[in-house]
There are 2 protein chains.
Amino acid sequence: MLNHIGANDIALQEAYNQMDVQRPPRTAEMQVPAESSFKVACSNCNLRELCLPIGLSTAEMNRLDGIVATRKKVKQGGHLFSSGDPFTTLYAIRTGFFKTCVVSEDGREQVTGFQMAGEIMGLDGIVSDHHNCNAIALEDAEVCVMPFNHVEDLSREIPVLQRHVHKIMSREIVRENGVMMLLANMRAEERLAAFLLNLLQRLHARGYSKSELILRMTREEIGSYLGMKLETVSRTFSKFSDEGIIEVKQKNIRILDHEKLQTIFNASTC
Amino acid sequence: MLNHIGANDIALQEAYNQMDVQRPPRTAEMQVPAESSFKVACSNCNLRELCLPIGLSTAEMNRLDGIVATRKKVKQGGHLFSSGDPFTTLYAIRTGFFKTCVVSEDGREQVTGFQMAGEIMGLDGIVSDHHNCNAIALEDAEVCVMPFNHVEDLSREIPVLQRHVHKIMSREIVRENGVMMLLANMRAEERLAAFLLNLLQRLHARGYSKSELILRMTREEIGSYLGMKLETVSRTFSKFSDEGIIEVKQKNIRILDHEKLQTIFNASTC
DNA sequence: CGATCCGTTGAACAACCTCAAGACGGGTGG
DNA sequence: CCACCCGTCTTGAGGTTGTTCAACGGATCG
């Protein structure tokens, strides 16, 4: 059930359990203009198991290297793409953290997801050739630019890639099914527990601790995603803290009782 | 915005405006065993513009005929597939009406969508090779069975089909984004207005009236989809009725003031 | 024609929201 | 280096929406 709101790395969690990468501190020197870009190769990217299918031959891998046209840096707060922009490419996150959100005519913003390294963005644009949401960096980020025509061309020649693309889209559909369940059926505490567990799972798959995390988004953004007001998010954090389940220090969260969090998440009998 | 919760027929609405098909009354004779199936062809199916890409050559069309292995009838209340079933095929609805729903461990059911003729079901199963939701017929139905391996094989040879498959999946992602917005941000009246307008739009695209519809689902199923209790659904229907916006006679709904419904849907300033 | 499911309505209640005030922390400029 | 400022977060009090529980009416179907 947790997987329903999970990211596109569920099956790969085990493979990454032994990783112990720590995110390097961001320094001023690393912040280059948002539009700068340069050539790269997937075949020696340490995230390739997150983005690409497994079991490719060397020849196929070499062909796939061409799938990433360029990389692109986005500074914190910058838009990778905006609703209404023409759709031409998918993006794979190399570093950084994004939110995607839709905005209704009357200005209400709905965060539809949070994305981290190895996850794919832009799938919403395929149906209408225009993006349907905003993708905004919550910290300085770098993405791989994958022209969709090229993805399709290669998919026709590499069945494993074709299946992989289909799985990524299907996974997003299933994730959103889980969010619907969360929004329609769960109470505030269950939502927040589900949110934290999901983030922990995805971060753990990337080599981070299971018992600590840094929230890259504000309380308001969490609230938007979970269908509750920022005050309720804050109160629920406080409640968890009072109960000794977590320790909250601003954006730093330490998990003290993972099991209890799981129990809250599973709670039907409230 | 309405399109966010729309079905996979948005772009085709205009093409179908002139249709004037009325659903034939269901009789006992039409109800055959759920498992019966037989061969058919897409090329002369009157729903092909809803299921299939436009602009195919005759040769391509002939190849595509083979995409539907069989048809399958499902009786009201029957499961087309269930969560956990091995995934092998997609389904296109020929006649009838379905709901898809996920069930959490603790037994809470969440309706994730309602599907009608020309719409595709089963995309949720691709990611894990197992279905992730239940698809249940809300009236006697018939679907086209399309083995997914075959869909993929043909997609590799017919780029237009490949793109079409991608669009269908992207459309589902965008639809669910809209549902998230609805669940997280809207009040009961807005949700129900959005729901009615969406159904009307999709039915209209299939030749039905813009001012009348028959609900194939119960108040509870509507409530599940919209994240509210059946009592609230009923009360909101009554409220709309009192205000002269609609006329409610059990499952029969007549739209008296389409514009007002639209206004409620758009209402930010409540 | 009775059983059952479905829908409607009322009244009390709870969860969450709204509004408001104040605390904290990081960044900036003097 | 310190003071200030702004965005963010926390907490309280009171209000509102939607839920819960319950009873009843109506439709459908064997």
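Only a predicted model underlies this, so the values are computations on that prediction, with no experimental measurement involved. Side chains are part of it too, since the values below use all heavy atoms of this structure and drop only hydrogens, waters and symmetry mates. All chains are named by letter (A, B, ...) in the order of the sequence lines, taking the proteins before the strands, and each is independently numbered beginning at 1.
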Can you tell which of [options] lies closest to the side chain of [X]?
{"X": "B:K251", "options": "D:dT11, C:dG7, D:dT8", "value": "C:dG7"}
{"X": "B:E231", "options": "C:dC19, D:dT20, D:dC9", "value": "D:dT20"}
{"X": "B:S238", "options": "C:dG7, C:dT9, C:dC17", "value": "C:dT9"}
{"X": "B:T218", "options": "C:dG7, C:dC17, D:dC9", "value": "C:dG7"}
{"X": "B:Q250", "options": "D:dG18, D:dA27, D:dC9", "value": "D:dA27"}

Find the distance [X]:[atom1] to [N]:[atom2] and express it as a whole number of Å.
{"X": "A:Q76", "N": "C:dG26", "atom1": "CD", "atom2": "P", "value": "14 Å"}
{"X": "A:N185", "N": "C:dA15", "atom1": "CG", "atom2": "C1'", "value": "15 Å"}
{"X": "A:E139", "N": "C:dG26", "atom1": "CD", "atom2": "P", "value": "16 Å"}
{"X": "A:F240", "N": "D:dT10", "atom1": "CZ", "atom2": "C1'", "value": "16 Å"}
{"X": "A:E220", "N": "D:dC9", "atom1": "CD", "atom2": "C1'", "value": "12 Å"}
{"X": "A:K249", "N": "C:dA23", "atom1": "NZ", "atom2": "C1'", "value": "17 Å"}
{"X": "B:M217", "N": "C:dC6", "atom1": "CE", "atom2": "P", "value": "14 Å"}
{"X": "A:R219", "N": "C:dC16", "atom1": "CZ", "atom2": "P", "value": "18 Å"}

Please answer whether the main-chain N or O of A:M228 pairs with a side-chain N or O of A:T232 as donor and acceptor at a distance below 3.5 Å. no
Mark yes or no for whether A:R254, through its side chain, and A:E247, through its backbone, hold a donor-acceptor pair below 3.5 Å. no
Does a side-chain N or O from A:T232 land closer than 4.0 Å to OP1 or OP2 of C:dC17, or not? yes
Is there a donor and acceptor pair, one atom on the side chain of A:R235 and one on the base of D:dG12, closer than 3.5 Å? yes
Regarding A:K239, tell me which of base, sugar-phosphate or nothing describes its non-hydrogen contacts under 4.0 Å with the strands shown. nothing
Looking only at the aromatic ring of each residue, does the gap between the centers of A:F98 and A:F114 stay below 6.0 angstrom? no
For B:F237 and for A:G227, locate the closest nucleotide of DNA chain C by heavy-atom distance; then report the residue assigned to the nucleotide nearer the 5' terminus. B:F237
Do A:E109 and A:S224 have side-chain atoms, one donor and one acceptor, less than 3.5 Å apart? no
Does the pair B:R235/B:E189 count as a salt bridge with the N-to-O cut at 4.0 Å? no
